[in-house]
Peer 1: 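The structure is given below, and queries will be raised subsequently.
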Amino acid sequence: MKARARGMPVIVYRLGNQAGDRANAAWNPQDLTLLMLQGVLRSGQAPRLNWRLEFTPVDFTSEVIVRAMAQLSLHAGKIFHLVNPQPISFDLLCDWLSVSGYTLRRVDYADWLVELRQLAEACQPIASLLRLLEELAPSGGSQYFGQLSTFDSRQLRAALPSLGLESGYPAIESSLLAVYVARLAERGLLPRARRNTSGGALLGKVAMVTGASSGIGQAVAQALARDGCQVALVARRADQLEQVRQGILAAQGVAVACPADVTSRAEVEAAVARCRSLLGQPDILVNSAGVMYYTRAFSGLTHLTDRTIDVNCRGLVHTVEAVLPIMLDRGGGHIVNLSSDAGRAPFPGLAVYTGSKFFVEGYSRALRLEVASRGLRVTCVQPGDVRTPLQACRDDADSEAHKEFSGQGKYTMLEPEDVARAILYAVQQPPHVGVNEILVESREAPI
Ligand SMILES: NC(=O)C1=CN([C@@H]2O[C@H](COP(=O)(O)OP(=O)(O)OC[C@H]3O[C@@H](n4cnc5c(N)ncnc54)[C@H](OP(=O)(O)O)[C@@H]3O)[C@@H](O)[C@H]2O)C=CC1
Ligand SMILES: N[C@@H](C=O)C(=O)O
């Protein structure tokens, strides 16, 4: 300020937490974020903490400073806050570490400190972490972590294009965290992650599967994970998703639960954001969430017809619209929509369901025409009857219609895995091949 008062050009930089650079993760060894990472991964424990953490890769900070100095006349007199405008929650970071191959146990903060004290004798960074925590939170409590100051970064954001930094402020996302953890592990500063050993043709791809808590969606999620995909599991029942996730983890795969009701745009968008933070951008979207109620059009069960349209039509559009910008941006992606043989032919007792699947067909075909030239593929899968809970007759449905028209007990139905194999075939094709439709039915019941 004195220099400014004497007429010298001054730019003020207010720095938040500085993290390692994005190439090598060269990082101040006494930084709290790094020490916390070490504390979590060395102890194998994730303390319950209400902490929103922000950090900025140090190479970004130095780029801003050097470039702004080169344009002094443009930026003199400005204050640049280099404080990450998009902090992430510590919970999300721990979830990310878990899906990235670290086994973590959730514990209370106080219990974690006890564990750290035991590790501190043999591990210098843990001793440093304990010292820092005593300084920041002398009473041993976790209150310190609840405080996060946010700063107005508008001035910096506005200046970034003129500084040649059009890609904006570095987001704390999966790809950045992956570089950090890998580089730090190479240098022995963090333990190495357990790798996804399932291998397979889809290794490195990210898939989002709706309806993953049951039936076809569950089988597809498992098959994709076996083939190397990291899978985001979407449905409403969090407990069911957790079971599916545990099964995938036990088979050495990678999966994360993203509970959401597809009829809510906001919940779908939050699920996509969680997938991006924890696994990365989705390469594949499988829309399997759906409902089917045997009801004749004149039965007056309007709540079931509304629900069918909401889930099968609106829900599917919500997920497609949430991932489309990401896929278009990257110039690639594969959307697989569960239609039905009822998307090709009418079925009595299922007028609204048939209509919903004709919608899926029409929507998918038009979508394909719009996005094919931009690198995206759209596949409609049309299964005949599959042995899943969808085929059951709900108490409030039209039981006579179910008795008369359902295929149950009349022939051998497909298994969910039969449909999963068809989907795997479609997504494993080379990028120039579009498998646009697959009709897969019970041999005994062709339409
Ligand atoms: N089974 C069959 O014979 C056939 C099925 N299909 C289609 O395949 C798809 C999957 O069916 P299937 O696996 O058999 O059925 P299931 O009943 O086994 O599974 C349906 C899935 O959809 C999810 N779901 C339902 N409503 C919502 C919602 N509002 N938000 C988020 N998820 C929801 C359910 O999860 P949760 O309850 O946890 O939310 C569940 O995971 C459907 O689109 C169906 O139309 C096509 C042809 C034949
Ligand atoms: N096979 C279809 C209709 O009966 C379906 O289950 O989607």
Side-chain angles (χ1 to χ4, degrees), residues 208-222 232-245 257-268 270-271 286-295 304 306-319 322 336-361 364 380-394 401-402 404-408 410-420 422-423 438-442 444-447:
M208 183 158 187
V209 180
T210 74
S213 62
S214 170
I216 297 171
Q218 174 176 342
V220 172
Q222 289 163 337
L233 309 166
V234 182
R236 289 165 306 174
R237 286 169 294 168
D239 51 341
Q240 289 295 118
L241 290 182
E242 184 52 25
Q243 274 189 27
V244 177
R245 189 180 82 88
C258 303
D261 183 332
V262 294
T263 64
S264 154
R265 230 180 238 285
E267 288 189 26
V268 167
V286 180
N287 273 311
S288 191
V291 293
M292 177 177 88
Y293 312 114
Y294 278 96
T295 45
L304 296 182
D306 283 349
R307 183 121 209 97
T308 306
I309 295 165
D310 281 347
V311 179
N312 296 7
C313 305
R314 287 202 179 86
L316 181 133
V317 174
H318 289 164
T319 51
V336 179
N337 290 332
L338 263 299
S339 168
S340 162
D341 54 0
R344 292 178 62 129
F347 282 80
L350 288 174
V352 175
Y353 181 78
T354 299
S356 77
K357 294 303 183 181
F358 271 57
F359 170 87
V360 173
E361 289 289 332
S364 305
C380 253
V381 182
Q382 303 148 343
D385 286 346
V386 187
R387 200 162 59 87
T388 73
L390 185 100
Q391 292 286 347
C393 183
R394 278 171 56 127
H402 188 267
E404 187 176 351
F405 299 118
S406 136
Q408 268 187 335
K410 296 176 187 153
Y411 44 80
T412 314
M413 289 193 179
L414 297 172
E415 295 297 328
E417 291 71 23
D418 298 325
V419 183
I423 292 175
I438 306 183
L439 171 65
V440 46
E441 301 199 282
S442 164
E444 298 161 18
I447 49 170

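Both counts, for ligands and for their atoms, begin at 1 and track the order of listing. Residue indices begin at 1 and follow the sequence shown.
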Peer 1: Which residue holds the protein heavy atom closest to atom 13 (O) of ligand 1, what is that atom called, and what is the gap in Å?
Peer 2: Ile216 N, 2.7 Å
Peer 1: Kindly say whether Asp261 contributes a backbone atom to a donor-acceptor pair with the side chain of Glu267 at under 3.5 angstrom?
Peer 2: yes
Peer 1: Measuring from atom 9 (C) of ligand 1, which candidate in Pro259, Gly290, Ser288, Ala212 has the nearest non-hydrogen atom?
Peer 2: Ser288
Peer 1: Could you check whether any heavy atom of Ala260 sits closer than 4.0 Å to an atom of ligand 1, since that is the contact criterion I want to use?
Peer 2: yes
Peer 1: At less than 4.0 angstrom from any non-hydrogen atom of Leu350, what atoms of ligand 2 do you find?
Peer 2: 3 (C), 4 (O)
Peer 1: What do you reckon, does Pro383 have a nitrogen or oxygen under 3.5 Å from a nitrogen or oxygen of ligand 1?
Peer 2: no
Peer 1: Assess Gln391 for proximity to ligand 1: is some non-hydrogen atom of it under 4.0 Å away?
Peer 2: yes
Peer 1: Between ligand 1 and Val234, is the shortest N or O to N or O distance under 3.5 Å?
Peer 2: no
Peer 1: Does Gln391 have a heavy atom less than 4.0 Å from any atom of ligand 2?
Peer 2: yes
Peer 1: Look at atom 48 (C) of ligand 1 and say which protein heavy atom is nearest, naming residue and atom and giving the distance to 0.1 Å.
Peer 2: Gly384 O, 3.0 Å
Peer 1: For ligand 2, is there an atom lying under 4.0 Å from some heavy atom of Tyr353?
Peer 2: yes
Peer 1: Which heavy atom of the protein is the closest neighbour of atom 15 (O) of ligand 1, given with residue, atom name and distance?
Peer 2: Leu390 CB, 3.3 Å
Peer 1: Mark the output for Thr210 as yes if a heavy-atom distance to ligand 1 is under 4.0 Å, and as no if none is.
Peer 2: no
Peer 1: Going by the closest heavy atom to atom 1 (N) of ligand 1, which one wins out of Thr388, Val268, Leu338?
Peer 2: Thr388
Peer 1: Using heavy atoms and a 4.0 Å limit, tell me yes or no: is Met413 in contact with ligand 1?
Peer 2: no
Peer 1: So is Arg307 touching ligand 1 or not, going by heavy atoms under 4.0 Å?
Peer 2: yes
Peer 1: Please state which protein non-hydrogen atom is closest to atom 40 (C) of ligand 1 and give its distance, to 0.1 Å?
Peer 2: Ser213 OG, 3.6 Å
Peer 1: Can you tell me the protein heavy atom closest to atom 44 (C) of ligand 1 and the distance?
Peer 2: Tyr353 OH, 3.5 Å
Peer 1: Any non-hydrogen side-chain atom of Met292 less than 4.5 Å from a side-chain atom of Leu390?
Peer 2: yes
Peer 1: Is it true that, when you exclude Arg394 itself, more than 12 heavy atoms of the residues, nucleotides or ligands shown sit nearer than 6.0 Å to its CZ?
Peer 2: yes
Peer 1: Do Asp385 and ligand 1 have an N or O pair less than 3.5 Å apart?
Peer 2: no
Peer 1: Closer than 4.0 Å to some heavy atom of Asp341 - which atoms of ligand 2 meet that?
Peer 2: 1 (N), 2 (C), 3 (C)
Peer 1: Please report whether ligand 1 has a polar contact with Asp341, defined as an N or O pair separated by less than 3.5 Å (distance criterion only).
Peer 2: no
Peer 1: Strictly under 4.0 Å, does any heavy atom of Ser339 approach an atom of ligand 1?
Peer 2: yes
